[in-house]
Amino acid sequence: MSTVFKQQKSKRDKAEGIVAKSTEDTPVFRNKQRVLLLSSRGITSRHRHLLTDLGDLLPHTKKDAKLDSKSKLHIINELAELNNCNNCIFFEVRKRQDLYMWLSKTPNGPSVKFHIQNIHTMEELKMTGNCLKGSRHILSFDKNFESSPHWLLMKELFTQVFGIPKTARRIKPFVDHVLSFSIVDNRVWFRNYQITEKPLEHRSVTDTTDLTLVEIGPRFVMNPIRVFDGSFGGQTAFENPEFVSPNVARANVRNAKAGRYKSRMDAIAKKDEKLKEAEMPEDPLSENNVFA
């Protein structure tokens, strides 16, 4: 009877992600982070290449087909459950030019919506850095993440989404690159660097280490829009007051161009009116009137 009880207990612990040591009865925590990676319809080639680069950097991701609906994002929670994932990276494309990235802890949240800017993929950059596909990386965060609660929340979300568990299936047992998250101008700047040794001719006597960083790519900037309490929705925990929608920015550019055109037309009209007022009246003793 005790053997049956131990078998049932081991199955239950395995389902809950708890593995017991062979020598001790204390459970050991096992990190089982899996990330669902998908996009919406209307994605461009540049956005698709960025999605592929993220899939190559994160071997614990599972890709899914494009999502047809952009209004019913709660469906992604069901897709994540079907794929046995507890995190999600969703690329939402608007007007085939604006890219929004959702980072979410499915199914209960929280979730963050970013506007992605300054996208440069690996193939586009052609950097000299390189790393082993499937290797693990080190996460480096700026000290400004400790300044506000919403930055702390984003740091924890980045850690759980971009952090590769050492028990993942497709990883290689090496750590050879660094993912850097820096806050500049209230935006999160993403960089990927290779950890390599300095050449002998570039080393100095005062160097305490022979390691250096060489950028690999991709690189992009994440502008936070909102932090939601739930997964892909719910109450707003934080809203960026400095965020300007790309539609509003394009409208302001068009209005500025229209204003310059209107001022130019007004100047032309004033010039024509001035020339018309400067015309002299016809002389009654001119040749045309005398010899008519």
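The shown structure was predicted, so the numbers you read here are calculated from the model rather than taken from an experiment.
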Side-chain heavy atoms nearer than 4.5 Å, only ILVMFWY residues, links allowed to pass through others: does that put [X] and [Y] together?
{"X": "L103", "Y": "F232", "result": "no"}
{"X": "L79", "Y": "L54", "result": "no"}
{"X": "V244", "Y": "V253", "result": "no"}
{"X": "F90", "Y": "V112", "result": "no"}
{"X": "I119", "Y": "L125", "result": "no"}

Quick check against the 3.5 Å criterion: does [X] have a side-chain atom that pairs as donor or acceptor with the backbone of [Y]?
{"X": "D229", "Y": "Q235", "value": "no"}
{"X": "D176", "Y": "L132", "value": "yes"}
{"X": "R170", "Y": "P59", "value": "yes"}
{"X": "S111", "Y": "G230", "value": "yes"}
{"X": "N86", "Y": "K32", "value": "yes"}

- [ ] Using the side chain to side chain donor-acceptor pair (under 3.5 Å) rule, pick out the option among R250, H115, H47 that qualifies with D98.
- [x]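 Going through the options one by one, the only one that passes is R250.
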Within a radius of less than 6.0 Å around [atom1] of [X], do more than 12 heavy atoms belonging to other residues, nucleotides or ligands occur?
{"X": "E81", "atom1": "CD", "result": "no"}
{"X": "E123", "atom1": "CD", "result": "no"}
{"X": "K172", "atom1": "NZ", "result": "yes"}

Task: Lys/Arg cation over aromatic F228: K113, 6.0 Å, 45° cone - done: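 Geometry flag: not set, cation outside 6.0 Å or 45°.
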Might you point out which heavy atoms bring [X] and [Y] nearest each other, and give the distance in Å?
{"X": "D53", "Y": "M122", "result": "OD2-N, 3.1 Å"}
{"X": "M222", "Y": "I116", "result": "CG-CD1, 3.5 Å"}
{"X": "W151", "Y": "F145", "result": "O-CD2, 3.3 Å"}
{"X": "G217", "Y": "N192", "result": "O-ND2, 3.0 Å"}
{"X": "L73", "Y": "E92", "result": "CD1-OE1, 4.3 Å"}
{"X": "D142", "Y": "S182", "result": "CB-CA, 3.7 Å"}

Open item on the list: side chain to side chain contact (heavy atoms under 4.5 Å, CB included), that's the test. Do V214 and M127 meet it? Break it down for me.
Closed with: CA-CA 8 Å; V214 180; M127 293 289 186; 6.0 Å; no
Result block: side-chain N/O donor-acceptor pairs under 3.5 angstrom for residues 156-164, not counting sequence neighbours:
unit_1 : atom_1 : unit_2 : atom_2 : d
E156   : OE2    : Q160   : NE2    : 2.8
T159   : OG1    : K155   : O      : 2.7
Q160   : OE1    : K105   : NZ     : 2.7

Once you round to the nearest 0.5 Å, how far does [atom1] of [X] lie from [atom2] of [Y]?
{"X": "N77", "Y": "C85", "atom1": "CG", "atom2": "SG", "answer": "12.0 Å"}
{"X": "I75", "Y": "S69", "atom1": "CD1", "atom2": "OG", "answer": "5.0 Å"}
{"X": "N255", "Y": "R260", "atom1": "CG", "atom2": "CZ", "answer": "11.0 Å"}
{"X": "R34", "Y": "T106", "atom1": "CZ", "atom2": "OG1", "answer": "11.5 Å"}
{"X": "N252", "Y": "K257", "atom1": "CG", "atom2": "NZ", "answer": "12.5 Å"}
{"X": "L67", "Y": "I43", "atom1": "CG", "atom2": "CD1", "answer": "12.0 Å"}

- [ ] Could you label the plane-to-plane angle of the F190 and F181 rings as parallel, tilted or perpendicular, counting under 30° as parallel and over 60° as perpendicular?
- [x]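 Judged by the thresholds at 30° and 60°, the geometry between F190 and F181 is perpendicular.
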- [ ] Before giving the answer on side chain to side chain donor-acceptor pair (under 3.5 Å), spell out for N87 and Q33 the whole-Å C-alpha distance, their side-chain angles and the decisive distance to 0.1 Å.
- [x] CA-CA 7 Å; N87 301 286; Q33 298 292 337; 2.6 Å; yes
TODO: I would like to know whether I89 and L58 meet side chain to side chain contact (heavy atoms under 4.5 Å, CB included); could you show each step before the answer?
DONE: CA-CA 11 Å; I89 300 178; L58 307 176; 4.1 Å; yes
Open item on the list: Is any side-chain heavy atom of V221 closer than 4.5 Å to one of D185?
Closed with: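 With C-beta onward as the side chain, the pair stays apart.
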Open item on the list: I'd like to check D56 versus K133 (side-chain heavy atoms, cut-off strictly below 4.5 Å). Are they in contact?
Closed with: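 Contact flag for D56/K133 side chains = yes.
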- [ ] Apply side chain to side chain contact (heavy atoms under 4.5 Å, CB included) to the pair L179 and L139, showing each step before the final yes or no.
- [x] CA-CA 5 Å; L179 296 186; L139 297 180; 3.9 Å; yes
Please output the side-chain donor-acceptor pairs of residues 35-42 that fall under 3.5 Å, not counting sequence neighbours, one pair per line with the distance.
unit_1 : atom_1 : unit_2 : atom_2 : d
S40    : OG     : F91    : O      : 3.4
S40    : OG     : V93    : N      : 3.1
R41    : NE     : D68    : OD1    : 2.8
R41    : NH2    : D68    : OD1    : 3.4

Task: Members besides I138 in its Ile/Leu/Val/Met/Phe/Trp/Tyr cluster (side-chain heavy atoms under 4.5 Å) - done: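 In the cluster with I138 are V175, V178, Y193, I195, L211, L213.
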